[in-house]
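Just below is one structure, and these are the notes that go with it.
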Amino acid sequence: MVKLFERMTLRGVELDNRIVVSPMGMYSAENGYVTPFHLVHYGKFAMGGAGLVFVEQTSVSRKGRITNGDPGLWEDGQIDGMRQIVHVIKSHGSKAAIQINHGGRKSSQQRAFRGNSHLTDRDVEMGEETWVPTGPSDVPFSDGFQTPVPLSKDGLVGIRDAFVAACRRAVLAGFDVIELHMAHGYLLQSFLSPLANFRTDEYGGSLENRMRFPLEVTRAVRDALPSSTPLFVRISATDWIDGGWEIEDSVVFSRELKALGVDLVDCSTGGNLRAGSTNANLGRGPGYQVPFAERIRHEAGIATGAVGMIRTPDFAEKVLQDGRADLIFIARQMLFNPFWALHAAEHFGLTGNFEKWPEQYAWWLAKWGGALRGNGERLDGFEQFREAAE
Ligand SMILES: Cc1cc2nc3c(=O)[nH]c(=O)nc-3n(C[C@H](O)[C@H](O)[C@H](O)COP(=O)(O)O)c2cc1C
C-alpha cells in the first residue's frame, strides 16, 4: 500500500491523499484583498492533484500583516475573493486550507521578493505603507527593524478576538481546514520563545506563562469553529539557538494543543531570530525537520505534518511508512512542479496513461504523449517531460 495515496479523514474532512501544498506567502494581495493571480496560483495546485491546498498566511488585522502584499480576513468584504479560491480548489477535487496569522514584531516589512527585510525609505517612495508593529516585548526582530510596542492585556484580548473573527470568515468562505500560524517568529510564536518574550506578567517568564496567550487563542478559535472543521497549528519546533525554544518545549506545547482539540501539528522550525531563520545558508539537508514531526507524533500522541526539503515521492513515502508523520507538506517543489502529486501517483504505478489528469489535458497527453518514443511504450509524466526536452 502506498501511504502517500492513502486517504485520511480528519473530523468530517476526507483528504484524497497525504500531499499538502504548504502555505506560501505570495505578497501580492491588494490592500488585503486577493486578486486573479491568487485564483490561478492556487487553482493549479488543485489541478495537480494535491490532497490539501493551503492558502498562504492571511492576516487577522491590517496591522498584523507582515507586508503590504498580505491577504487578510479582517473584514467581511475579504470573504468573497477567498470563496472564489476555495471554489476553484474544490472544483478540482482537493480540499482547501488557510493559514491565519498575525505578524507581530515581524510586521511592516518588505514583500519577500523586494528584499525580505525591514521597509526602507525607497519602499516608502514606491508607495509602501509602514506602521509600528506590536509584540510581546519591546525588542525588535533584528537590526533595522522597528521596535514593537508591547501588547497590553486589552490588546491581547483584541488580537484573540481578531483570530476568532478571521477564522469564522474563513469558514464562511468555505475552507475545510484552518491552521493557526505559531511559527517563524510571528506574533504567537514570539510569545512562546524566551528569546522574544521578556514579559514579567502572567504572559512571560515560565514555559506555562509563555504558552498562555497562544493557548488562549487556540481555545477561543476551537470553540468558535464548527466541530467538523479540523484545526492545525504550525509551530517552529526549535529556534535553533541555545537558550531558545527547544523540541522538548514543543512536545509539552503539542500535548496542550491536543487537549484543546487541535488535530495536527505542522512541524516547521526557526525564523524567530535572524540567526535561526530557515534558510539554505544554514546548510540543512533533505527532510531536516522530519525528526521534529516524528518526536512530537510519538511523544505528544498527535498527528503531525512534516515539511522542509521533502522533494521526491520516494522520500515522502518513506517518512510516512516509517511512521514519522501523517501528512507531507511541500512548498518549493510545488512551485517548480504543481503536478508533483500526479507525477508521484504515476511514479508508484497507481495511475497510468494520465487517467487522473484533468481530462482536457489527459486526452492529448495519453494519445500523443505515449507515442513519443515511437514504439508505443508509455512514459510516465516526468520521463515524458524530460525526453521531450532533450
Ligand atoms: C515563497 C514561499 C513563501 C512561504 N510563505 C509561508 C507562509 O505563508 N507561511 C508559512 O508557514 N511558511 C511559509 N513558507 C515556508 C514553507 O511553507 C515551507 O515550510 C518551507 O519552504 C520548507 O518547505 P520546502 O523545502 O518544501 O520549500 C514559505 C516558503 C516559500 C518558498
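No hydrogens, no waters, no symmetry mates; every other heavy atom, side chains included, goes into these values. Just so you know, residue 1 is the first one in the sequence shown, and it goes up from there. If you're wondering where the values come from, they're calculated on a predicted model, not measured in any experiment. Ligands are counted one by one from 1 in listed order, and the atoms in each one are counted from 1 as well.
- Listed by atom number, the atoms of ligand 1 under 4.0 Å from Val307 heavy atoms are 18 (C), 19 (O), 23 (O).
- Under a cut-off of 6.0 angstrom, the local environment of NZ in Lys318 is sparse, with at most 12 non-hydrogen atoms contributed by other residues, nucleotides or ligands.
- Nearest protein heavy-atom neighbour of atom 26 (O) of ligand 1: Ala331 N, 2.9 Å.
- Ligand 1 lies nowhere less than 4.0 angstrom from a heavy atom belonging to Ala183.
- With values rounded to the nearest 0.5 angstrom, Gln146 atom CD is found 13.5 Å from Asp138 atom CG.
- For atom 7 (C) of ligand 1, the closest non-hydrogen atom on the protein side is Pro23 O, 3.4 Å.
- Between the side chain of Ser236 and the backbone N or O of His184, at least one donor-acceptor pair lies under 3.5 Å.
- The protein non-hydrogen atom at the shortest distance from atom 5 (N) of ligand 1 is Gly25 N, 2.7 Å.
- Close approach to His184 involves these atoms of ligand 1, each under 4.0 Å from a residue heavy atom: 10 (C), 11 (O), 12 (N).
- With a 6.0 Å radius and a threshold of 12 heavy atoms from other residues, nucleotides or ligands, Glu208 has its CD atom at or below the threshold.
- Counting heavy atoms from C-beta outward, Asn116 and Gln109 have side chains that approach closer than 4.5 Å.
- Close contacts between ligand 1 and Gln99 involve ligand atoms 7 (C), 8 (O), 9 (N), 10 (C), 11 (O) [criterion: under 4.0 Å to a heavy atom].
- Heavy atoms of Gln333 found under 4.0 angstrom from ligand 1: none, in either backbone or side chain.
- Side-chain atoms of Arg65 come within 3.5 Å of backbone N or O of Arg62 as a donor-acceptor pair.
- Distances shorter than 4.0 angstrom do not occur between any heavy atom of Ile310 and any atom of ligand 1.
- The closest approach between a heavy atom of Arg234 and any atom of ligand 1 is below 4.0 Å.
- Cluster membership for Phe253 and Val307, using ILVMFWY side-chain heavy atoms within less than 4.5 angstrom, is not shared.
- Taking the six-membered ring wherever Trp is involved, the centroid distance between the rings of Phe292 and Trp240 falls below 6.0 Å.
- Note that CG of Asn17 is 11.0 Å distant from CD1 of Ile328, once rounded to the nearest 0.5 Å.
- Here CG of Leu52 is found 11.5 Å from CD1 of Ile19. Values are rounded to the nearest 0.5 Å.
- An N or O contact shorter than 3.5 Å links Met309 to ligand 1 by distance.
- Of the polar atoms of Ile330, none of the N or O atoms is found under 3.5 Å from an N or O of ligand 1, judged by distance alone.
- Which of Arg311, Glu56, Arg332, Met24 comes nearest to atom 27 (O) of ligand 1 through a heavy atom is settled by distance: it is Arg332.
- Looking only at protein heavy atoms, the nearest one to atom 22 (C) of ligand 1 is Gly308 CA, 3.7 Å.
- For ligand 1, the atoms lying closer than 4.0 Å to a non-hydrogen atom of Ser22 are 16 (C), 17 (O), 18 (C), 19 (O).
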